[in-house]
Amino acid sequence: MAELPKSYEPKNVEKHWYEFWLQKGYFKAEDKSSKPAFSIVIPPPNVTGVLHIGHALNCTLQDIIVRFKRMQGFNTLWLPGMDHAGIATQMVVEKKLAKEGVKREQLGREKFEAKVWEWKEESGGMILDQQKRLGISVDWERSRFTLDEGLSKAVRKTFVDLYNAGLIYKGNRLVNWCPRCKTAVSDLEVKHTETKGSLWHIAYPLTDGSGQLVVATTRPETMLGDTAVAVHPEDERYKNWVGKKIKLPLVGREIPVISDSTVVKEFGSGVVKITPAHDFNDYETGLRHKLPMISIFDERGIVNENGGGYKGLKGPDARKKVLEDLTALGALVKEEPHALSVGRCDRCETVIEPMLSDQWFVKIEPMAKPAIKVVESGQIKFVPENWTKTYLDWMYNIKDWCISRQLWWGHRIPAWHCGDCKKVTVQMEDATICGHCKSKNIKQDPDVLDTWFSSALWPFSTMGWPENTAALKTFYPTSVLVTSFDIIFFWVARMIMSGLYFMKEIPFKTVYIHALVRDERGQKMSKSKGNTVDPLGLVEEYGTDALRFTLAALVASGRDIKFNEDRLDGYSNFINKIWNATRFSLTALEIIKLDSNVAAQNLTLPDQYIVYELEQTIKNVTSALEDYKFTEAAGFLYKFTWNEFCDWYLELSKPVLYGVDEKQKTASGTVLIYTLERLARLLHPFIPFVTEEIYQKLPGGLAKESIMIQPYPTLEDSFLKLGSVKASEEIELIKSIVTAIRNIRGENRISPAVKISLSIACDDKNASKALQRNTVFITSLARLEKIDWLASPGDTQKSAVSLVTVGKIRVTVVIPLTGLVDFAEEIKRVEKELEKNRHDLELTQRKLGTETFIKNAPAEIIAQEKERQVQLLDKQAQLKESLSRFN
RNA sequence: GGGCGCUUAGCUCAGCGGUAGAGCGCUUGCCUUACAAGCAAGAUGUCGCAGGUUCAAUCCCUGCAGCGCCCACCA
């Protein structure tokens, strides 16, 4: 057998195995199969850039699930792809062009689009490489891009169908407008941030000269577009003013005083200026009162001709000038500090300006209703559950969705405007004549669709919809969607709505929502903050497996994961630990033979114990994974691997493997390798590379072509019959004895090189026999010369004595200390134990002394407490006696 | 203004009705022929604060405080 390196070197193996898997086609799913289907569609990353650690988390979790299901025998599809990410990508390319001194307008639409495609190839390639490094087992041949021909067709069909159903309409509405991106954005793309501002009180004179009304506003420049002033209908102060007219200062326009119940009397002066074209509240008020709506800004946020003398000024400059002029007029009554929330563009952080413009909308309510129902009824489940409420609350209050964007990168809206009859033609095919008047004087709508419009179709558009494909039949609805909470509204909700509308079926049965990864101070990672953690850097340093295991172990956190490299460091040691356990096992194989028909009677106690523990681990890990409890599953695996298999079993197996009993050697060696093989399979979904490497090193006959196509270990495995609970319990006793001896050795600083002799007395005959049969394990692990088995402790002069109890069995370990140590250490050790004993005993006795406890607690608990008391008293007596001997 | 989380060992985090766990860090001793990225032993916690429910509370309930997130048109 070839020598294995002393430490695991991921770099040498990861690339190799990934290519091997690809070449073998293991990631491919079957459109038709006798196996049950399991499917996941990947949340497509934006083509804009490199993956961050959040993607790594997202991919890792999905890959764990997918590999687990694949091994369980499902026809498993994990469908990959990328999102064209309209606004984000356009911005990136615009920035890149700006560096070359080019504006997109100079290039023109077509050339600009070509540039984006160019860039998409480059950036998309990088993402692919990154994903591969993470080991994701997606079916690459099914990879989709939201601007693919097929998906574009799906988008068109969706648009046309919804339009024909009256669920898409075009309207001149007040929308969120980003003056920098020069496009409308949806409500979700506006981020509100608390900002310090002012509340300015401005005097508006009445036209009849009977006085003035003072309005309060945070945006004085918008007065240029005021078309009314409103007061509350029951506000006694202003009752008589309603119906009168005001002469708007600076502008000179006459506007009415109206009454509207949305006005809050207590706020400011109780008088509100109404600017329907630049404020969402005012817009509503304007509609109710049929007020004129005057836009005063152009698409760049600069005052237009409606702003009179202020034309050409940018928002902030206009404000300054308006305030100056008002002051000069004496109309500025006062200015007070006022905190307000300012909406900013999600992408570029520019302050959003509500603007009137022609946009396309989805009438969302008819689609929302069924989408609410399927979640309320539990047809779609959120994990963790509490996200259900978040989802539903948003859905109950959902508003029409503005889907048009004034961008060049994206799905062009399939609508053609007629220059003659002015009507709109909406259809699948590119139109050449007007569908109404047959005129050829038509032009396609210049706008593109919101990126999320195409993402909403992802679970079925990627499988070939609108064609009725075999893939759809087999894999839709998908099994689970894995994503983070920040896109529940953007994406999850819309997929549910469109899935139900177009497929008449839910898009996925479970939505697993995971945390967001933040930096070690809890800040959201972003490029601008420079606090991003590059997963590839971590992969380079620690290996993919270590990163994956760490992410799985950390994911249980509530809402966010503060990424901490120390944890990664710890788990990378874990990978190395497994590697070395393998090295040991394989070395052992050089001296023993494998026997697939290993006879139960040749098994050692440790063999029976480890198989039993393996069985428990299979049970625990499988059930944790079924429930998406990744952290728990990782924990079970970690404990079994390190604390049972390595710390105890491997050590226990040494005296056997290096011993003389050939039958035992064969049996033990076989159990060792078989357990390792099952453990590798159990671990594979989490750490695919090292487990494949290990698997491939296993002796012939045991290792098949690849670990990733082997079954996930189950309780049906006949090997597990070799396990025994009783053996596990006996090993527990041995562990306790060994630990007690080590404790005495350690505290007394008895050199590990010194082999000591001691005596052990056990009060239980059967246990005593069992222990004696297994003496070798105790002497080996505790580094003993020999053990005298006694019926009772006997003479304990100048000895360290330790009472070990497991269940009802009491074992006394007596270690003669003569000539070995200074007794002062042993006295300290005993006193320390006595102190703890005192404390525990007090707690127990207090409990047992409480009448209500005896009366109300379950018998089981009382018995347990009594047992504890007996043990503690025993121990106390022993400790006291020990002390007295040294005095 | 509504909603949701979080607060556990020095740090990063699990756990969750019966006397607290992991990794890193720390102390002591070990190159014991798988692993010094290791082994063994050990120290460290009024489980945010105050009430309540319970025989029993870190865990359930209420209130409070601190931190964070999401949603919301109070100009």
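In what follows, chains are A, B, ... by sequence order, proteins preceding strands, each numbered from 1. Model, not experiment: these values are computed from the prediction. When reading the values below, keep in mind they use all heavy atoms of this one structure, side chains included, and skip hydrogens, waters and symmetry mates.
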Within less than 4.0 Å of OP1 or OP2 of [N], is there a side-chain N or O belonging to [X]?
X: Asn856(A); N: rA56(B); result: no
X: Trp642(A); N: rC39(B); result: yes
X: Asn743(A); N: rG42(B); result: yes
X: Lys399(A); N: rC73(B); result: yes
X: His201(A); N: rA75(B); result: no
X: Lys562(A); N: rC13(B); result: yes
X: Lys828(A); N: rA41(B); result: no
X: Arg749(A); N: rA41(B); result: no
X: Lys639(A); N: rG21(B); result: no

Find the distance [X]:[atom1] to [N]:[atom2] and express it as a whole number of Å.
X: Leu392(A); N: rG2(B); atom1: CG; atom2: P; value: 21 Å
X: Ile561(A); N: rU12(B); atom1: CD1; atom2: C1'; value: 12 Å
X: Lys755(A); N: rC30(B); atom1: NZ; atom2: P; value: 18 Å
X: Gln864(A); N: rC55(B); atom1: CD; atom2: P; value: 19 Å
X: Asp569(A); N: rA22(B); atom1: CG; atom2: P; value: 18 Å
X: Trp200(A); N: rA75(B); atom1: CH2; atom2: P; value: 13 Å
X: Leu199(A); N: rA75(B); atom1: CG; atom2: C1'; value: 8 Å
X: Tyr391(A); N: rC71(B); atom1: OH; atom2: C1'; value: 16 Å

With rounding to the nearest 0.5 angstrom, report the [atom1] to [atom2] distance, [X] to [Y].
X: Leu248(A); Y: Ile255(A); atom1: CG; atom2: CD1; answer: 4.5 Å
X: Thr641(A); Y: Phe645(A); atom1: OG1; atom2: CZ; answer: 8.5 Å
X: Leu568(A); Y: Phe549(A); atom1: CG; atom2: CZ; answer: 12.0 Å
X: Tyr391(A); Y: Ile513(A); atom1: OH; atom2: CD1; answer: 11.5 Å

Among the candidates [options], find the nucleotide nearest to the side-chain atoms of [X].
X: Arg567(A); options: rG38(B), rA75(B), rG23(B); result: rG23(B)
X: Phe489(A); options: rC35(B), rG3(B), rC70(B); result: rC70(B)
X: Leu554(A); options: rC69(B), rA14(B), rC13(B); result: rC13(B)

Rounding to an integer number of angstrom, what distance separates [N] and [M] when you compare their [atom1] atoms?
N: rG18(B); M: rC47(B); atom1: P; result: 15 Å
N: rC39(B); M: rU32(B); atom1: C1'; result: 8 Å
N: rU46(B); M: rC35(B); atom1: C1'; result: 41 Å
N: rU44(B); M: rC11(B); atom1: C1'; result: 13 Å

More than 12 heavy atoms of other residues, nucleotides or ligands under 6.0 Å from CD of Glu336(A): is that the case?
yes
Would you check if the distance from the ring center of Phe382(A) to the ring center of Trp387(A) is below 6.0 Å?
no
Pairing of RNA chain B as dot-bracket, 5' to 3': ( ) intra-strand, [ ] crossing, | other strand, . unpaired, with Watson-Crick or G-U pairs under 3.5 Å?
(((((((..((((....[..)))).(((((.......))))).....(((((..]....))))))))))))....
